[in-house]
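Read the structure below first, then the notes.
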There are 2 protein chains.
Amino acid sequence: MKNLVSRCPIEEVMQVLSGRWPTLLIYYLKDGTKRFNELRRDNPTISHKMLTLELRKLEDAGIVQRTEFNGYPLRVEYDLTPAGETLVPLIDALGEWWEATDSPGQQHAEEIGNAVEFDRPV
Amino acid sequence: MKNLVSRCPIEEVMQVLSGRWPTLLIYYLKDGTKRFNELRRDNPTISHKMLTLELRKLEDAGIVQRTEFNGYPLRVEYDLTPAGETLVPLIDALGEWWEATDSPGQQHAEEIGNAVEFDRPV
DNA sequence: CCATGGTTACAAAAAGGTGCGTAATTTACT
DNA sequence: AGTAAATTACGCACCTTTTTGTAACCATGG
């Protein structure tokens with residue numbers, strides 16, 4: 001999804017929240033400051049390239065705050081911005097909606113063959 | 001995004017809402033019953049393949065109701081399900097959040113070169 | 001050599017677009 | 001009267017574009 005088709009704000013948010021990682025990263029950052037490699041440990045199936053790309057995207061969108069501490073080795077911390085924190089309940093509401101509506105095609109946990117065991121938020 | 005990485009309901013909703021089209025289609029279906037070609041006219045840049053795929057996905061998720069009338073030519077109507085209607089305000093909330101937070105990397109309407117003129121919801 | 005937090009180039013995989021075929025009936029033209 | 005074309009909502013095969021993964025490289029200090 002490189003460019004927009006409409007000028008609707010909804011399409012703009014979805015452009016940044018779409019995909020596997022954005023909401024997951026926001027979920028982990030809810031708990032507070034995290035460093036790059038902590039986030040990698042939280043979701044081991046993300047490649048470091050994806051992680052940097054997604055973090056940049058969230059940073060550009062004003063959802064994530066990146067703070068670089070120069071020391072060696074370089075240390076970088078990621079937090080939610082105040083705006084990012086106000087986004088969290090909205091995303092949670094979507095999750096609750098999903099749980100509440102037991103839709104026909106909804107996958108139940110037991111059926112998800114490819115879910116990774118060691119990575120199970122919520 | 002073919003399969004899930006966690007068993008978190010948020011990831012599951014995002015799997016169906018991710019991408020350019022799902023929220024846009026929901027947006028148009030808010031107004032009431034629509035037929036296939038009406039939806040194509042509403043967003044002229046979607047291909048018929050994408051439209052059928054996205055509508056099926058939303059149907060499987062219990063968001064959209066598909067009703068087939070056999071006659072010739074075949075007529076098919078799409079509506080939001082009751083569950084789909086309860087989803088609308090949540091999506092709207094995201095759009096409002098986006099408008100409220102004037103994030104640095106946020107594209108402003110005037111800057112979007114590739115936005116299609118004749119397709120401008122909201 | 002290790003660790004940190006990257007970048008870059010190349011390759012694989014996934015997503016998306018294009019065009020053809022299908023059905024039964026109506027309308028349009030010759 | 002006979003033929004042709006359009007209509008609706010797709011399915012299918014093929015091809016291009018976009019996204020993601022892999023691997024290698026960088027800097028630095030311990």
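Residue numbers begin at 1 in each chain, while the letters A, B, ... track the order of the sequences.
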Roughly, in whole Å, what's the span from [atom1] in [X] to [atom2] in [N]?
X       : N      : atom1 : atom2 : value
A:Leu51 : D:dG21 : CG    : P     : 11 Å
A:Ile46 : D:dT19 : CD1   : C1'   : 13 Å
A:Arg40 : D:dG21 : CZ    : P     : 10 Å
A:Gln15 : D:dT18 : CD    : P     : 13 Å
B:Leu39 : D:dT8  : CG    : C1'   : 13 Å
B:Asn37 : D:dA6  : CG    : C1'   : 12 Å

message: Applying the side-chain contact (heavy atoms from CB on, under 4.5 Å) criterion to B:Leu25, which one of B:Leu51, B:Ile63, B:Val64 satisfies it?
response: B:Leu51
field: Closest-nucleotide 5' rank along DNA chain C - winner of A:Tyr78 and A:Met1
entry: A:Tyr78
statement: The residue, B:Arg20 or A:Leu74, whose nearest nucleotide of DNA chain C is more 5′ is A:Leu74
- prompt: Using a cut-off of 4.0 Å on non-hydrogen atoms, how would the nucleic acid contact of A:Arg56 be classed: base, sugar-phosphate, or nothing?
  reply: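 Sugar-phosphate: the residue A:Arg56, judged by heavy atoms under 4.0 Å, touches backbone atoms but no base.
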message: Heavy atoms only, 4.0 Å cut-off, all strands: where does B:Arg66 land among base, sugar-phosphate and nothing?
response: sugar-phosphate
Flag side-chain contact, heavy atom, 4.5 Å: B:Leu24 against A:Ile10: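 No, side chains not in contact.
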task: Check whether any side-chain heavy atom of A:Leu90 lies under 4.5 Å from a side-chain heavy atom of B:Trp97, and answer yes or no.
output: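 The answer is yes, as the side chains (C-beta and beyond) meet within the 4.5 Å cut-off.
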query: From A:Phe36 CZ over to A:Glu77 CD, what is the distance, rounded to the nearest 0.5 angstrom?
result: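 The CZ atom of A:Phe36 sits 14.5 Å away from the CD atom of A:Glu77.
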statement: Note: chain A reaches DNA chain C at heavy-atom distances under 4.0 Å over the stretch, first to last nt, 5' to 3', of C:dT4 to C:dA9
- prompt: For DNA chain D, whose closest nucleotide is more 5', that of A:Lys49 or that of B:Val76?
  reply: B:Val76
message: Give me the atom names and distance for the closest heavy-atom approach of B:Gln15 to B:Leu4.
response: OE1-CD2, 3.4 Å
- prompt: So, B:Glu38 and B:Arg35, do they make that salt bridge, N to O below 4.0 Å?
  reply: no
query: Would you call A:Arg56 and A:Glu54 a salt bridge, taking side-chain N to carboxylate O under 4.0 Å as the test?
result: no
